[in-house]
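We name chains A, B, ... by the order of the sequence lines, and we start the count at 1 in each one.
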Amino acid sequence: MTVRTRFAPSPTGFLHIGGARTALFNALFARRHGGQYLLRIEDTDRARSTADAVRQILDSLAWLGLSPDEPPVFQSGRATRHAEVAHALLAMGRAYLAFETPEELQAMRERAAAEGRPPRYDGTWRDRDPAEAPPDRKPAIRLKAPRDGETVVADLVQGEVRVASAELDDMIILRSDGTPTYLHAVVVDDHDMGITHVIRGDDHLTNTFRQCQIYDAMGWHRPRFAHIPLIHGPDGAKLSKRHGAVSVLEFREQGYLPEAVCNYLLRLGWGHGDEEVIPRERAERIFDLDGVGRSASRMDYAKLTHLNSIYLRRADDERLTREVLERLAHRGVLFGTEGAERVRLLMPELKERAKTLEELAGAAAFAAQEGPPVIDSKAAALVATPEAKALLADLAQFLSDAPWERADLESWLRDYADVKGVKLGAVAQPLRAALTGSTQSPPIDAVLFALGRTEAMDRILAVAG
RNA sequence: GUCCCCAUCGUCUAGAGGCCUAGGACACCAGCCUUUCACGUUGGUAACACGGGUUCGAAUCCCGUUGGGGACGCCA
């Protein structure tokens, strides 16, 4: 049987980092076993689902490279089928009509809470004759759950977990308005979609037992379950916005690369010996459920950033140039084709020094922009003295007929420092300040080369006066 | 409250009874490299929650305690 997994978000908001990891694990598991990875949008409404959220989720998944192998299934379009199964259960005597109102149930729960009992449905209509129902009242359909024994789930991550039937009450599978409840819809959809492995957050572990009751009642084969631990914030509490970025799109905005985010997420809750840097292609070969841990993990932005810097260095220069130019334009930096070309030339050096695309853009700004850069305070101090200005003026003279190749520029600069009897740094730093407006930049010979003779001379003379 | 799950450095993890004086990675500290900044490199600080068992031997198995987390809707 070929493996089929699915990621089933509800479109009530953006895709967060925890959902992204669930999607990733589902996709990797399917790949690893040569199966398919599907997407089901759980928009069984409640007025909270929005088309905008669906759009965002799809965008986020696409960005992460986690688009499904088949078109997404929308749960809302399957209501008829959900009702059909509920009525089949009714016909089979595995479910019954329940006539109490939500208000009555609410009162029942409050009474239970007051008396310190678990809030469970008392089964009033389980054996009662529907003829006794109050007139004009629409019934909900409840599953007739087993009263004895226990339900056992052999979870692929959590191991064997069992719950006594006495802990579970008769859940509603079809509301009085004819719409399915979540627990029911999930089972019907997973069955119809041929899902073989349900990989999801372990907040669904307890739901699993009720879902199994539906599979069993219908005589359907249960899928394998794998409940993966949740991701918490750095402080151990539930991950929320106050911890920083949680939406996948926020990570994109902040300059993280999708492959770095995926690698980070992969290592959160899953390990394979000492391997840390695991590109997608390798992950698809080695990922499996037995490597998934059982305890919740915490979001560590520093480690994500570190991984990002690694992937940044490995990334294609053209791609990075495109990204950086886009971000610079967004920041309002003015540049033309020459500026863009300078950024492109410098990219191999720039990407070694940045941890995010945002940093990269910041470091590239001086090269992109037209004319002399804004000099920051540290850099200004380096070029403020008469000696520094004289040095720069002299350098400009020297460079006016230097050969314009990187290696040559470096040796000429070294020779120049030699002749002047100073260390290279004494020449490079003021030059760097004039050229980049900063005390930090890629190697000075690379900067000179990328800027080109004319632009370099202009910038030096603008400072030398 | 009831039920379920979890527990190795600050964080992510390796560890399937002897290979553990507990390994790697991030972060942090110090040194080296160096034209700045990064990168790289060398070294360092730092953990088996606690208490009982089982065993010749336990981070690894069992029980309990404590501490986290999750689920208990005509939400998903």
Side-chain angles (χ1 to χ4, degrees), chain A residues 8-12 42-46 48-49 75 98 100-102 105-106 109 112-113 115-121 138-142 155 157-159 161-164 166-169 171-177 179-183 185-186 201-210 227 229-230 232 234 236-238 264 267-277 293-307 309 313 349-350 352-355 363 378-379 382 410 413-414 417 423-429 431-433 436 438-445:
Chain A
S10 59
T12 52
E42 310 238 303
D43 56 350
T44 312
D45 203 339
R46 277 293 63 90
R48 295 196 294 144
S49 301
Q75 194 161 60
E100 53 277 306
T101 62
L105 290 172
Q106 181 59 30
R109 274 192 292 274
E115 293 167 20
R117 288 182 291 109
R120 299 211 177 86
Y121 178 59
K138 287 254 203 270
I141 298 181
R142 282 185 187 269
D155 194 276
V157 170
Q158 306 291 343
V161 185
R162 48 187 69 222
V163 163
E167 297 296 331
L168 275 15
D169 58 8
M171 69 173 143
I172 290 175
I173 55 178
L174 203 69
R175 300 186 185 99
S176 50
D177 66 0
T179 60
T181 56
Y182 165 76
L183 252 20
V186 166
D202 74 8
D203 49 338
H204 288 284
L205 184 57
T206 19
N207 285 334
T208 307
F209 298 95
R210 318 184 85 106
H227 288 92
L230 270 17
H232 292 157
K238 195 169 177 180
Y264 175 71
R267 284 287 293 105
L268 211 51
W270 178 82
H272 186 79
D274 285 343
E275 282 191 66
E276 294 288 349
V277 181
R294 286 142 305 267
S295 53
S297 41
R298 303 183 184 207
M299 186 68 204
D300 181 356
Y301 293 92
K303 188 153 183 177
L304 201 213
T305 302
H306 174 257
L307 270 171
S309 72
R313 272 175 262 149
E349 295 291 350
L350 287 168
E352 297 281 333
R353 297 169 164 70
K355 293 188 185 303
K378 276 188 187 169
L382 281 177
E410 191 196 347
L413 275 173
R414 286 191 186 283
K423 294 220 279 193
L424 184 52
V427 178
Q429 278 308 83
L431 188 53
R432 188 184 317 277
T436 72
S438 164
T439 52
Q440 302 162 205
S441 84
I444 200 65
D445 48 305

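For A:Leu183, the side chain to side chain contact (heavy atoms under 4.5 Å, CB included) criterion is met by A:Met171, A:Asn207, A:Arg210, A:Gln211, not counting sequence neighbours. Qualifying side chain to side chain contact (heavy atoms under 4.5 Å, CB included) partners for A:Glu410, counting only residues two or more places apart in sequence or in other chains: A:Arg414, A:Asp445. The side chain to side chain contact (heavy atoms under 4.5 Å, CB included) check on A:Pro139 picks up A:Leu97, A:Phe99, with sequence neighbours excluded. In terms of the side chain to side chain contact (heavy atoms under 4.5 Å, CB included) criterion, residue partners of A:Thr436 (sequence neighbours excluded) are, by chain and number, A:Phe366, A:Arg432, A:Ser438, A:Ser441, A:Val447.
Both distances falling under 3.5 Å, in either a Watson-Crick or a G-U wobble arrangement, place B:C72 opposite B:G1. Nucleotide B:C50 is matched to B:G64 when pairs are restricted to Watson-Crick or G-U wobble geometry with both distances under 3.5 angstrom. Across the strands present, B:A38 finds no partner; the criterion is a Watson-Crick or G-U wobble pair with both atom distances under 3.5 angstrom. Nucleotide B:U55 has no partner under the Watson-Crick or G-U criteria, as no pair reaches both atom distances under 3.5 Å.
The closest side-chain donor-acceptor pair between A:Tyr121 and A:Glu100 falls under 3.5 angstrom.
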Going 5' to 3' through nucleotides 10-17 of chain B, assign each nucleotide B (protein heavy atom under 4.0 Å from a base atom), S (under 4.0 Å only from sugar-phosphate atoms) or - (no protein heavy atom that close). -BBSS---
Just the atom pairs and distances: protein N or O near nucleotides 28-37 of chain B's N or O, under 3.5 Å.
{"from": "B:U35", "atom 1": "OP1", "to": "A:Arg414", "atom 2": "NH1", "distance (Å)": "3.3"}
{"from": "B:U35", "atom 1": "OP1", "to": "A:Arg414", "atom 2": "NH2", "distance (Å)": "3.3"}
{"from": "B:U35", "atom 1": "O2'", "to": "A:Arg432", "atom 2": "NH2", "distance (Å)": "3.4"}
{"from": "B:U35", "atom 1": "O2", "to": "A:Arg432", "atom 2": "NH2", "distance (Å)": "2.8"}
{"from": "B:U35", "atom 1": "O4", "to": "A:Asp445", "atom 2": "OD1", "distance (Å)": "2.7"}
{"from": "B:U36", "atom 1": "O4'", "to": "A:Gln429", "atom 2": "OE1", "distance (Å)": "3.0"}
{"from": "B:U36", "atom 1": "O2'", "to": "A:Thr439", "atom 2": "O", "distance (Å)": "2.8"}
{"from": "B:U36", "atom 1": "N1", "to": "A:Arg432", "atom 2": "NH2", "distance (Å)": "3.3"}
{"from": "B:U36", "atom 1": "O2", "to": "A:Thr439", "atom 2": "O", "distance (Å)": "3.4"}
{"from": "B:U36", "atom 1": "O2", "to": "A:Ser441", "atom 2": "N", "distance (Å)": "2.8"}
{"from": "B:U36", "atom 1": "O2", "to": "A:Ser441", "atom 2": "O", "distance (Å)": "3.2"}
{"from": "B:U36", "atom 1": "N3", "to": "A:Arg432", "atom 2": "NH1", "distance (Å)": "3.1"}
{"from": "B:U36", "atom 1": "N3", "to": "A:Ser441", "atom 2": "O", "distance (Å)": "2.5"}
{"from": "B:U36", "atom 1": "O4", "to": "A:Pro443", "atom 2": "N", "distance (Å)": "3.2"}
{"from": "B:C37", "atom 1": "O2'", "to": "A:Gln440", "atom 2": "NE2", "distance (Å)": "3.4"}
{"from": "B:C37", "atom 1": "O2", "to": "A:Arg353", "atom 2": "NE", "distance (Å)": "2.7"}
{"from": "B:C37", "atom 1": "N3", "to": "A:Arg353", "atom 2": "NE", "distance (Å)": "3.1"}
{"from": "B:C37", "atom 1": "N3", "to": "A:Arg353", "atom 2": "NH2", "distance (Å)": "3.2"}

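The residue A:Gln106 sits apart from the nucleic acid: no heavy atom pair falls under 4.0 Å.
Taking side-chain N and O atoms only, A:Arg109 has no distance below 4.0 Å to OP1 or OP2 of B:U2.
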